[in-house]
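Chain naming here is simple, since letters A, B, ... match the order of the sequence lines and numbering starts at 1 in each.
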Number of protein chains: 2
Amino acid sequence: MDHMDWALLRELQADARLSFSELSRRVHLSPPAVAERVRRLEETGVIVGYHAHVDLTRAGRTVVALIRMSCYGARCILHDPEVAGWPEILEIHRITGDACSMLKVAAGSIDDFEGVIDRLAPYGQPSSTMVLSSPLHWQPIHPLPPADPAVPRR
Amino acid sequence: MDHMDWALLRELQADARLSFSELSRRVHLSPPAVAERVRRLEETGVIVGYHAHVDLTRAGRTVVALIRMSCYGARCILHDPEVAGWPEILEIHRITGDACSMLKVAAGSIDDFEGVIDRLAPYGQPSSTMVLSSPLHWQPIHPLPPADPAVPRR
DNA sequence: CTTGAAACCGGACATGC
DNA sequence: GCATGTCCGGTTTCAAG
């Protein structure tokens, strides 16, 4: 993960459809070198995929919510792989705290959302928070500046 | 947004780097028709971008958290565009409830994470929940089946 | 929207630095 | 490990139906 790898990640995060040739021009590297580096980033699991991002509202998902699930012991959604297949469930995160997971849900309507809640209820108590808007949908990953501790830690 | 548009979205969400020709084979449409449909999906804002997805851990972001921000009145992070530029802040969602926003944060270390909390504290009270793992990072958007109410609503 | 043709570009390989 | 150069295949973009 040197500076050149980060330059390639920066470009591919901004536009995943760039060709190797176009990439080579932007990062000032030869096309074969670019191809091999990108292949390595894919095979080592740094790049996990290339995805088109779809606007939820324009795709008919007008109701977005974050749901904290407090599951009933062993009957946890984390143990049921079926839940991850429901179309409204976009993300599942296992978290610390009194709840066991946080879900990001995008439903087509309030009725649809109510149906999701009904389907989740058997697993535990869902606590919903509606998403009004998302001022920052997504941010590319770039290298963090090295930490310089202003106050030395004891 | 007919069936063919959804087929194109399905393919481009699964692999954003597919060529128009390869797309045309997969959805059984001619290459010019594919090119025009994709261009329309981009210009109408259905497709908002094509992004390479990076594994947070392998990119050095070992500490992931969700932070609920309860801001001090007008001094809200939603009103300060600078916050969205901090590299550790991946998402900002305005939400309902007693908090004003939910942040997704990916820091390089606990020290770095503590630094983010310190920088957030002037805006309001941050309440952090650590993400232990993410069984479902991302799910493509596909058309929802039409609702058929098993129990008629009154 | 499809077909067909032509120009272009991008990817792969081999060679050499 | 990277740059250069060549070749081939694929892709894009027209035009016409």
Side-chain angles (χ1 to χ4, degrees), chain A residues 1-55 57-61 138 140-146, chain B residues 1-62 87 108 138 140-146:
Chain A
M1 289 292 293
D2 59 3
H3 183 272
M4 192 55 70
D5 284 329
W6 279 114
L8 292 170
L9 286 180
R10 168 170 48 84
E11 297 298 330
L12 284 173
Q13 286 181 97
D15 184 357
R17 288 177 66 76
L18 291 173
S19 67
F20 291 158
S21 308
E22 180 60 31
L23 275 174
S24 75
R25 272 171 238 131
R26 301 197 179 192
V27 305
H28 306 294
L29 204 70
S30 69
V34 167
E36 193 177 329
R37 277 177 178 266
V38 171
R39 190 190 56 79
R40 281 188 59 91
L41 288 171
E42 294 169 355
E43 296 206 342
T44 58
V46 178
I47 295 177
V48 295
Y50 305 93
H51 305 294
H53 278 211
V54 171
D55 183 281
T57 302
R58 285 184 219 266
R61 305 297 188 93
W138 184 80
I141 308 298
H142 40 104
L144 293 174
Chain B
M1 288 291 292
D2 58 2
H3 183 273
M4 191 56 70
D5 284 328
W6 279 114
L8 292 169
L9 286 180
R10 167 170 48 84
E11 297 298 329
L12 284 174
Q13 287 181 97
D15 184 358
R17 287 178 67 76
L18 291 172
S19 67
F20 292 158
S21 307
E22 179 59 31
L23 274 175
S24 75
R25 271 170 241 130
R26 301 197 179 191
V27 305
H28 306 294
L29 205 70
S30 69
V34 166
E36 194 177 328
R37 277 176 178 266
V38 172
R39 189 190 56 78
R40 281 188 60 91
L41 288 171
E42 293 168 354
E43 295 207 341
T44 58
V46 177
I47 295 177
V48 295
Y50 304 93
H51 305 295
H53 279 211
V54 171
D55 182 282
L56 290 176
T57 302
R58 286 184 220 267
R61 306 296 188 96
T62 53
W138 184 80
I141 308 298
H142 40 103
L144 294 174

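- Annotation: side chain to side chain donor-acceptor pair (under 3.5 Å) contacts of A:R17 (sequence neighbours excluded): none.
- In this structure B:P140 satisfies the side chain to side chain contact (heavy atoms under 4.5 Å, CB included) test together with B:Q13, B:W138, sequence neighbours excluded.
- The side chain to side chain contact (heavy atoms under 4.5 Å, CB included) check on B:E22 picks up B:L18, B:S19, B:R25, B:R26, with sequence neighbours excluded.
- Not counting sequence neighbours, the partners of A:H53 by the side chain to side chain donor-acceptor pair (under 3.5 Å) test are B:H53.
- Of the residues in residues 46-53 of chain A, none lies under 4.0 Å from DNA chain D by heavy-atom distance.
- Rounding to the nearest 0.5 Å gives a distance of 12.0 Å between CZ of B:R39 and CD1 of B:I47.
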Quiz item: When you check every protein heavy atom under 4.0 Å of nucleotides 2-15 of chain D, what one-letter string (B, S, -) results, 5' to 3'?
Solution: SBB------SBBB-

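- For residues 44-62 of chain B, there are no salt bridge (Lys or Arg N to Asp or Glu O under 4.0 Å) pairs, not counting sequence neighbours.
- Looking only at side-chain heavy atoms (C-beta outward), B:W6 and B:I141 come within less than 4.5 Å of each other.
- Note that CG of A:L41 is 8.5 Å distant from CG of A:L12, once rounded to the nearest 0.5 Å.
- Under the side chain to side chain contact (heavy atoms under 4.5 Å, CB included) criterion, B:R40 pairs with no residue, sequence neighbours left out.
- Partners of B:A35 according to the side chain to side chain contact (heavy atoms under 4.5 Å, CB included) rule, which considers only residues two or more places apart in sequence or in another chain, are B:F20.
- Expressed to the nearest 0.5 Å, how far CG of A:L8 lies from NE2 of A:H3 amounts to 10.5 Å.
- Using a 4.0 Å cutoff to heavy atoms of chain B, the contacted part of DNA chain C runs 5' to 3' from C:dC1 to C:dT3.
- Sorted by first and then second residue, the side chain to side chain donor-acceptor pair (under 3.5 Å) pairs with a member in residues 28-37 of chain A read A:D2-A:R37, A:D5-A:R37; sequence neighbours excluded.
- Comparing the start and finish of the helix from C:dC1-D:dG17 to C:dC17-D:dG1, five pairs each, the helix axis swings through 30°, to the nearest 10 degrees.
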